[in-house]
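First the structure, then my questions, so here it is.
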Amino acid sequence: MRQHRLFFWLGPWSQPWTPEPKDCIQELVTLPGNDDEEDRLSRLRIFVPRRKPIGALFLLPGFHFQGFDHPELYRLVCSLCQTGFIVGAPDIPDFLHLRFHRRSLNDANTLFRAFVDSKHVPFASVGLISISLGSRLAFSICAQNPKEVNNLITFGGYYDWKSALHFCLKGRGDRQHDPLNRPIIFAALQDDLPSVSGKSMVTEAWVTFARRTWGQDTLKNINAVQKIADDWQTNFSPAAKQLFEQGLGISPGGNELIDNVLDSSTTLSWLDSADDLAQLKCPYLAVHACNDDVIEYEQSEELAKKAPKIANAECILTGLYSHSARRLPSLRSISREIQQLRNITRHLVSFD
């Protein structure tokens, strides 16, 4: 019965309805950051089913300014809680503000400890689910808390961080590629980019561009990006304007510039999760969308291959999702996709 409920809510056929957490008790836990920055407060929402819980899950979000408030993430949390799981839904401060920073690893672990030590969680170990870039945080948590994690699922995760970022920046071959992520990679590497007057304004504009455009399929083409840039009201110097447009992918020289920076910079080396993955001890399922236009599905295949044998890792590729939304399967693939969703939900309900 639990698997049937999840099967319905996680499939594209439930699109018109949103599960309501009416059968759950919610608590908000706020933790101070490790520094004096105002926006570094960490929030953890804990959802507790009113009936006897069957297990507990900690859900790590992707790199997105909506965090837990992203509609699909909220739907997943509500679905899991209604199924009978206690769910911990944290917001990672730097992810919310679209900043790449090593301290996110510590933030995630602090929030995880707050969840497992909560009065609401009576279990000795919990399941872990991550979305997209959240896989980096998940492997770190597993390495630091091997006894407290009993299962892991990553949705749209990555293995080779440089290869993943190169694809985010400029795609690969004739594959579908979302160009709207490119400016955020430039912003993350701002300290390694050429010094220009007004660089901080450029970085701020890249972040604003992402906030305005992410999730809008009609803007995923160079013509739409060019129009947005043409309408942008700025007082950039000529050099800053060129850098801004290189970050958007509409001015020549941007690919060569960012390739050199990405290959030589150590700013984002903390994104490498290979050492933590090698320490994985719990069962592991890597799920990835076949048509993911942000992180290539081969990244999850590689995660499953590189995981230790003790994790009994498996990779499931599905056409039911894009990177951050659900999709209706084609008639030709519907039988296969239904079976894949059954496999995913079966793994989820095994967390109890």
Side-chain angles (χ1 to χ4, degrees), residues 39 61-67 69-73 94-101 131-133 156 164-262 267-268 289 291-296 321-327:
D39 60 8
F63 189 81
H64 200 283
F65 55 87
Q66 286 183 292
D69 293 323
H70 190 288
E72 290 297 330
L73 189 57
D94 287 310
F95 279 26
L96 281 177
H97 295 282
L98 302 183
R99 296 185 300 236
F100 286 86
H101 202 293
I131 310 296
S132 189
L133 188 65
L165 291 185
H166 275 299
F167 181 75
C168 271
L169 285 161
K170 56 187 181 180
R172 202 182 319 277
D174 59 356
R175 288 206 173 173
Q176 288 183 332
H177 165 245
D178 182 353
L180 304 178
N181 295 284
R182 178 183 173 100
I184 285 298
I185 311 299
F186 271 73
L189 293 166
Q190 59 178 301
D191 292 339
D192 301 302
L193 293 171
S195 179
V196 299
S197 175
K199 187 197 277 189
S200 61
M201 289 176 57
V202 173
T203 302
E204 185 179 339
W206 283 330
V207 174
T208 301
F209 175 89
R211 288 178 175 275
R212 290 181 183 177
T213 61
W214 278 10
Q216 300 184 55
D217 289 345
T218 56
L219 301 181
K220 292 182 180 182
N221 63 82
I222 198 65
N223 292 330
V225 173
Q226 180 70 62
K227 185 177 187 310
I228 294 172
D230 291 342
D231 294 340
W232 206 276
Q233 299 298 316
T234 62
N235 295 314
F236 289 151
S237 66
K241 184 174 186 295
Q242 181 184 34
L243 182 60
F244 173 65
E245 293 184 347
Q246 286 176 330
L248 299 187
I250 58 175
S251 187
N255 285 346
E256 294 77 10
L257 171 64
I258 202 65
D259 280 347
N260 291 333
V261 168
L262 188 55
T267 301
L268 300 180
N291 55 359
D292 194 325
D293 60 1
V294 177
I295 299 176
E296 294 174 289
Y321 307 96
S322 62
H323 186 74
S324 56
R326 286 165 296 156
R327 299 166 58 96

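Bear in mind the structure is a predicted one, so any value in this text is a computation, not a measurement. When a residue number appears, it is its place in the shown sequence, counting from 1. Every heavy atom of this structure was used, including side-chain atoms; hydrogens, water molecules and symmetry mates were not.
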Query raised in the report: Can you name the side chain to side chain contact (heavy atoms under 4.5 Å, CB included) partners of Ala240, sequence neighbours left out?
Result: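 If we apply the side chain to side chain contact (heavy atoms under 4.5 Å, CB included) test to Ala240, skipping adjacent residues, the hits are Val196, Val202, Phe236, Ser237.
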Report task. Walk me through it: do Phe63 and Phe100 pass the test ring pair (Phe, Tyr, Trp, His ring centres under 6.0 Å)? Result -> CA-CA 9 Å; Phe63 189 81; Phe100 286 86; 4.4 Å; yes
Query - side chain to side chain contact (heavy atoms under 4.5 Å, CB included) assessment of Asp259 paired with His166 - result: CA-CA 8 Å; Asp259 280 347; His166 275 299; 3.1 Å; yes
Query - Interatomic spacing from CZ in Phe209 to CG in Asn181 - rounded to 0.5 Å - result: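 Rounded to the nearest 0.5 Å, the CZ-CG separation comes out at 9.5 Å.
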Report task. Sort and list the pairs that fulfil salt bridge (Lys or Arg N to Asp or Glu O under 4.0 Å) and have at least one residue in residues 235-247, not counting sequence neighbours. Result ->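 Residue pairs passing salt bridge (Lys or Arg N to Asp or Glu O under 4.0 Å), neighbours aside: Lys241-Glu245.
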Query raised in the report: Taking all atoms of both residues into account, what is the closest heavy-atom pair of Ser132 and Ile295, and its distance?
Result: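 Minimum heavy-atom separation between Ser132 and Ile295: OG-CD1, 3.6 Å.
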Requested in this report: Would you indicate whether the side-chain heavy atoms of Gln66 and Pro71 approach each other to under 4.5 Å?
Outcome: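 SC-SC contact between Pro71 and Gln66 confirmed.
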Query raised in the report: Distance from Cys168 atom SG to Asp293 atom CG, nearest 0.5 Å?
Result: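 Taking SG in Cys168 and CG in Asp293, the distance rounds to 9.0 Å.
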Query raised in the report: Hey, does Pro179 have a side-chain heavy atom less than 4.5 Å from the side chain of Ile222?
Result: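 Answer no - side chains too far apart.
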Query - Residues which pass side chain to side chain contact (heavy atoms under 4.5 Å, CB included) with Lys227, listed by chain and number, not counting sequence neighbours - result: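 Listed in chain order: Asp231.
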Report task. Drop me the distance from Leu257's CG to Leu243's CG, to the nearest 0.5 angstrom. Result ->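 Reported value, rounded in 0.5 Å steps: 7.0 Å.
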Query raised in the report: Rounded to the nearest 0.5 Å, how far apart are CG of Leu189 and CG of Leu268?
Result: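 Separation between the atoms: 4.5 Å.
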**Report entry** Leu262 CG to Leu169 CG distance, which is reported to the nearest 0.5 Å
**Finding:**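 The distance works out to 6.5 Å.
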Query raised in the report: Can you check whether Leu193's main-chain N or O pairs, donor with acceptor, with Lys199's side chain at less than 3.5 Å?
Result: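 Yes: the side chain of Lys199 pairs with the backbone of Leu193.
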Report task. Could you list the residues that satisfy side chain to side chain contact (heavy atoms under 4.5 Å, CB included) with Asn260, not counting sequence neighbours? Result ->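 Checked Asn260 against side chain to side chain contact (heavy atoms under 4.5 Å, CB included); zero matches.
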Query raised in the report: Out of Asp69, Ile131, Leu73, which one pairs with Pro61 under the side-chain contact (heavy atoms from CB on, under 4.5 Å) rule?
Result: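 Only one of Asp69, Ile131, Leu73 forms a side-chain contact (heavy atoms from CB on, under 4.5 Å) with Pro61, namely Leu73.
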Requested in this report: Mind listing the closest non-hydrogen atom pair of Phe95 and Leu133 along with its distance?
Outcome: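 That closest heavy-atom pairing would be CZ-CD2, 3.8 Å.
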Query - Selection residues 201-219 - residue pairs positive for side-chain hydrogen bond (donor to acceptor under 3.5 Å, both in side chains), sequence neighbours left out - result: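 Only Gln190-Thr203, Asp217-Lys220 qualify under side-chain hydrogen bond (donor to acceptor under 3.5 Å, both in side chains).
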Query raised in the report: Is there a side-chain contact between Leu248 and Pro183, using heavy atoms and a 4.5 Å cut-off?
Result: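 Yes, side chains in contact.
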**Report entry** Where Asp94 and His101 come nearest, the two heavy atoms and their spacing
**Finding:**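 Heavy-atom minimum between the residues: OD2-CB, 3.7 Å.
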Query raised in the report: So, Arg182 side chain and Gln246 main chain: donor-acceptor pair closer than 3.5 Å or not?
Result: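 Looks like yes, one N/O pair under 3.5 Å.
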Query raised in the report: Where do Asp292 and Gly156 come nearest, in terms of heavy atoms and distance?
Result: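 Scanning both residues completely, I find the closest heavy atoms to be OD2-CA, 4.5 Å.
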Query - Closest non-hydrogen atom pair between Ala205 and Phe244, with its separation - result: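 Taking Ala205 first and Phe244 second, the nearest heavy atoms are CB-CE1, 3.6 Å.
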Query raised in the report: Quick one: salt bridge (Lys or Arg N to Asp or Glu O under 4.0 Å) partners of Asp191, sequence neighbours excluded?
Result: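 By the salt bridge (Lys or Arg N to Asp or Glu O under 4.0 Å) rule, Asp191 matches no residue at all.
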Query - CG-CG distance between Asn223 and Asn221, expressed to the nearest 0.5 angstrom - result: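 These two atoms lie 5.5 Å from each other.
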